[in-house]
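What follows is a set of notes on a single structure, which appears directly below.
Hydrogens, waters and symmetry mates play no part in the numbers below; they use all other heavy atoms, side chains included. Just so we're clear, the structure is a prediction, and the values are computed from it rather than from any experiment.
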Amino acid sequence: MALISDLYLYPIKSAAAIRVSEAWVSREGLQGDRRYMLARPDGTFVTARTHPRLQQVLVSRAADGLGVEYPGLPGLKVRVADFKCQPVATRVWSDSFSAWSTHPDYDAWFSRVAGEPVQLLWVGEQSGRYREKQGIRVGFADGYPLLLISQASLADLNLRADAVQQMSQFRTNLVVAGTRPFEEDGWRRIRIGEVEFRVAKPCSRCIMTTIEPGSGRFNRMKEPLATLTRYRRGDDGEVYFGQNLVALNEGEIRAGDEVEVLEYAPAPDYPDAAPKRRALLCVEREPLARDMDTYWLEALDGKPLADYQPGQHLPVALDIDGKRHLRHYTLSSSPTRPGRYGISVKRHPHGLVSNWLGRVLQPGSQLLAHAPAGSFCLKPATSYLLLSAGSGVTPMLSMVRAMADLDQLQDVVFMHVCREERDIPARAELTALAALHPGLRLIFILTRPGRDWSGPSGRLEPGHLVGIPDLQQRQVYQCGPADFMDKAGAWLQALGVPARQIARESFGGLVASDVSRETRAVKIRLGRQEFTGNNQQDLLTQAEGQGINLPWSCRAGICGSCKQSLKTGEVVQPDAPALSRVEREAGVILACCCVPLTDVELE
């Protein structure tokens, strides 16, 4: 049964929400929802799309108005009785209408939050904004009075996205529980409590959804838009999540009310290129070496796990304190033993994720993962050199275990570098395999050997490699720290091993880096207008800072509203869904995400 689990009001457009247990539904939406908005002195509306800090404005309801708070500023009481109520011409997107002024003191307070002169507008007891096409009055909401999203749809998104998403990011009024993911896509008319609603259209999403909850910053991976673009993008290029509603009558609704579907409609068909992660259950934890454990994982749903090849990695998502961390852990298990994945992780002194795994991932715990992937995998050869250091041992374990199961340990040299004897991974297992398979030769090199160690010691040197028989004919696999692999690769080639026979894999998590460049001034010419800008900000933001209004909507490279033609100059234009290869080659750019590197001129 579909039920209303949460109700939210947003008294001030782009400010934080108020959670309520019941609400009165008027033809303009929930009573008290989006009745205030910030605007520049010329009436241009200001939102968190350009001022993400606005979402840090906390709002509370009072008998005579609102209470507002913002970090670092004294609290403010917004009293309706103090409003000047002078008519102010304003607009929301293409809708021009008249709103009401509030008070200069309120304008000054919000100007400090926005970092520029703004005024706090009130829509009035009845909105002066009439949307003729929809036949409805709307307050300061973007286009429709109400928005509905199901918990199941958010959960589906969180199985796919590279960051944890919260419902607050989508600024919905009604949250529904007890449905299948995106079941609301097929609703045309519903009843909640005393009120019937028309499901008007899917809600197109913009850069505002990428503001990280509780902060004034955008997510650097542009999540959730990056994922939604891959599986919720319509034929018109817009990205959709949630359903806009129009009330057909007035009345009260409450949290816990049933959502009765009165009429259905065909659901849109979106191409899906964003695979879901699967929930994996930790069923066993096995010590492998000092500060290194193998976590054995099975599918929570009991269905077969995806196949993989020895050497491939498992893309893992770990949610720690509300933040998603992505890691690629090479599988140490063998695909010849289906039903389980094994990942072996070494705990590092300052490693957030590795230490979290050591504390939390016990039998019965869960994590999310995509199917195994990677091009670093075992290929047929007559002889091998498996060369690893530190945590880089994991793909080698998978390869050795697989070859042992297939009776292919004919001519394999396994050389591993670590600190002490207690750091040798799976030593007992590998020694037993070498006893059973004479074709497996183990060489452990210790950088800090104990007194009783009789094997090779020190860091890897060319001398350690010279003694390997038939070295030039071996297929080599390397995994470990980058400098280790760089030196070993150079030595191997110097000893006559062809580069085509050397495969290497970097071990560790995903690292995202931002491109930095020295700040310099550039001249930006837009038609007949010219100003001095910089090589750090996007063209749209810089133009707005000069009072030049360019068309825009999503500010995330999705909708294409801000397309411009580059006449001269050089820019950085990242890949964006709204820009085709043909357009890029023709000099079309997106002002919302394009950064000038030199003086530029746009047609």
Side-chain angles (χ1 to χ4, degrees), residues 14 47-55 93 142-143 147 149-150 153-172 181-182 184-185 201-244 268 270-277 317 319 322-324 326 370 510 512 514-515 537-541 551-563 572-580 583-584 589-595:
S14 282
T47 71
R49 294 175 179 87
T50 55
H51 297 66
R53 70 188 72 170
L54 294 182
Q55 291 202 2
W93 300 117
D142 272 358
L147 178 62
I149 299 175
S150 72
S153 299
L154 179 65
D156 183 275
L157 173 60
N158 276 329
L159 287 176
R160 305 169 190 261
D162 287 343
V164 179
Q165 311 304 316
Q166 298 182 18
M167 193 64 80
S168 62
Q169 293 172 243
F170 302 96
R171 303 185 68 77
T172 185
F182 302 107
E184 62 267 30
D185 284 356
K201 66 179 291 292
C203 181
S204 62
R205 310 315 309 214
C206 70
I207 195 70
M208 193 182 294
T209 61
T210 71
I211 299 172
E212 295 182 345
S215 78
R217 62 180 180 271
F218 295 106
N219 179 270
R220 63 194 179 101
M221 295 183 292
K222 291 193 175 180
E223 288 288 11
L225 290 182
T227 298
L228 289 172
T229 300
R230 293 188 288 130
Y231 89 117
R232 295 287 298 177
R233 194 174 185 213
D235 294 337
D236 56 1
E238 298 281 354
V239 171
Y240 294 103
F241 191 77
Q243 296 293 327
N244 289 303
Y270 300 107
D272 186 354
K276 293 181 183 179
R277 294 179 175 87
D319 297 338
K323 184 176 181 180
R324 178 156 293 177
L326 307 178
H370 281 307
L510 295 176
D514 296 324
V515 176
Q537 292 178 297
D538 61 79
L539 284 169
L540 179 58
T541 299
W552 62 273
S553 179
C554 74
R555 300 185 84 98
I558 295 173
C559 69
S561 299
C562 64
K563 285 180 181 178
V572 173
Q573 174 59 70
D575 290 336
L579 204 58
S580 69
E583 288 174 317
R584 290 176 69 99
I589 56 96
L590 298 175
C592 74
C593 55
C594 176
V595 178

Other residues, nucleotides, ligands: >12 heavy atoms within 6.0 Å of Lys201 NZ: yes
Arg230 side chain to Ala273 main-chain N or O, any donor-acceptor pair under 3.5 Å? yes
Side-chain touch Gln169/Pro224, heavy atoms, less than 4.5 angstrom: yes
Could you tell me whether the side chain of Gln573 and the main chain of Leu590 form a donor-acceptor pair under 3.5 Å? yes
Flag the pair Leu157 / Thr227 as yes when at least one side-chain heavy-atom distance between them is below 4.5 Å, and no otherwise. yes
Can I get a per-line list of side-chain donor-acceptor pairs under 3.5 Å for residues 552-560, giving both atom names and the distance, sequence neighbours left out?
residue : atom : partner : partner atom : Å
Trp552  : NE1  : Glu544  : OE2          : 3.2
Arg555  : NH1  : Glu544  : OE1          : 3.4
Arg555  : NH1  : Glu544  : OE2          : 3.0
Arg555  : NH2  : Glu544  : OE1          : 3.0

When you measure from the side chain of Arg324 to the backbone N and O of Ala161, does any donor-acceptor pair fall under 3.5 Å? yes
Test log, rule side chain to side chain contact (heavy atoms under 4.5 Å, CB included), inputs Asp538 and Cys593: CA-CA 5 Å; Asp538 61 79; Cys593 55; 5.6 Å; no
Could Glu583 and Lys563 be called an ion pair, given the rule that one side-chain N must be under 4.0 Å from one carboxylate O? yes
Using only atom types and a distance under 3.5 Å, with no angle test, would you say the side chain of Ser14 pairs donor to acceptor with the backbone of Ala48? yes
Distance flag, aromatic centroids of Phe170 and Phe241, threshold under 6.0 Å: yes
So which heavy atom on Ser204 is nearest to which on Glu238, and how close? CB-OE1, 3.6 Å
Given the rule in the salt bridge (Lys or Arg N to Asp or Glu O under 4.0 Å) test, do Arg171 and Asp142 qualify, once you have shown the distances and angles that lead to the verdict? CA-CA 11 Å; Arg171 303 185 68 77; Asp142 272 358; over 6 Å; no
Just wondering, more than 12 heavy atoms not from Asp235 lying within 6.0 Å of its CG? no
Rounded to the nearest 0.5 Å, the OG atom of Ser150 sits from the CZ atom of Phe182 at a distance of 7.0 Å
Taking all atoms of both residues into account, what is the closest heavy-atom pair of Cys562 and Cys592, and its distance? SG-N, 3.3 Å
Regarding Lys222 and Asp162, does a basic nitrogen lie under 4.0 Å from an acidic carboxylate oxygen? no
For the CD atom of Gln55 and the OG atom of Ser215, what is their distance to the nearest 0.5 Å? 8.5 Å
Using a strict cut-off of less than 4.0 Å between a Lys/Arg side-chain nitrogen and an Asp/Glu carboxylate oxygen, indicate whether Arg160 and Asp272 qualify as a salt bridge. yes
Please examine the side chains of Arg205 and Leu225, heavy atoms only from C-beta on, and report whether any two atoms are closer than 4.5 Å. yes
Can you name the closest pair of heavy atoms from Gly322 and Val164 and give their distance? O-CB, 3.8 Å
I would like to know whether Asp575 and Arg584 meet side chain to side chain contact (heavy atoms under 4.5 Å, CB included); could you show each step before the answer? CA-CA 9 Å; Asp575 290 336; Arg584 290 176 69 99; 3.6 Å; yes
Look at the side chain of Asn158 and the backbone N and O of Gln165, then say whether any donor-acceptor pair between them is shorter than 3.5 Å. yes
Minimum heavy-atom separation for Thr210 and Phe218, please, with both atom names. OG1-CD2, 3.2 Å
Report yes if the side chains of Pro271 and Tyr231 come closer than 4.5 Å at any heavy-atom pair, otherwise no. no
Would you please test Asp156 and Lys276 for side chain to side chain contact (heavy atoms under 4.5 Å, CB included) and show each step? CA-CA 8 Å; Asp156 183 275; Lys276 293 181 183 179; 2.7 Å; yes
Check for a donor-acceptor pair, side chain of Thr209 on one end and backbone N or O of Cys206 on the other, with a separation under 3.5 Å. yes
Minimum-distance pair of heavy atoms, taken over all atoms of Cys594 and Ile589: SG-CB, 3.9 Å
Under a 3.5 Å cutoff, is there a donor and acceptor pairing between the side chains of Ser153 and Glu184? yes
Would Arg232 and Asp185 pass as an ion pair if we require N to O under 4.0 Å? yes
For Asn219 and Glu212, does a side-chain donor sit closer than 3.5 Å to a side-chain acceptor? yes
With the side chain counted from C-beta on, respond yes when Ile149 and Gln243 share a heavy-atom pair under 4.5 Å apart, and no when they do not. no
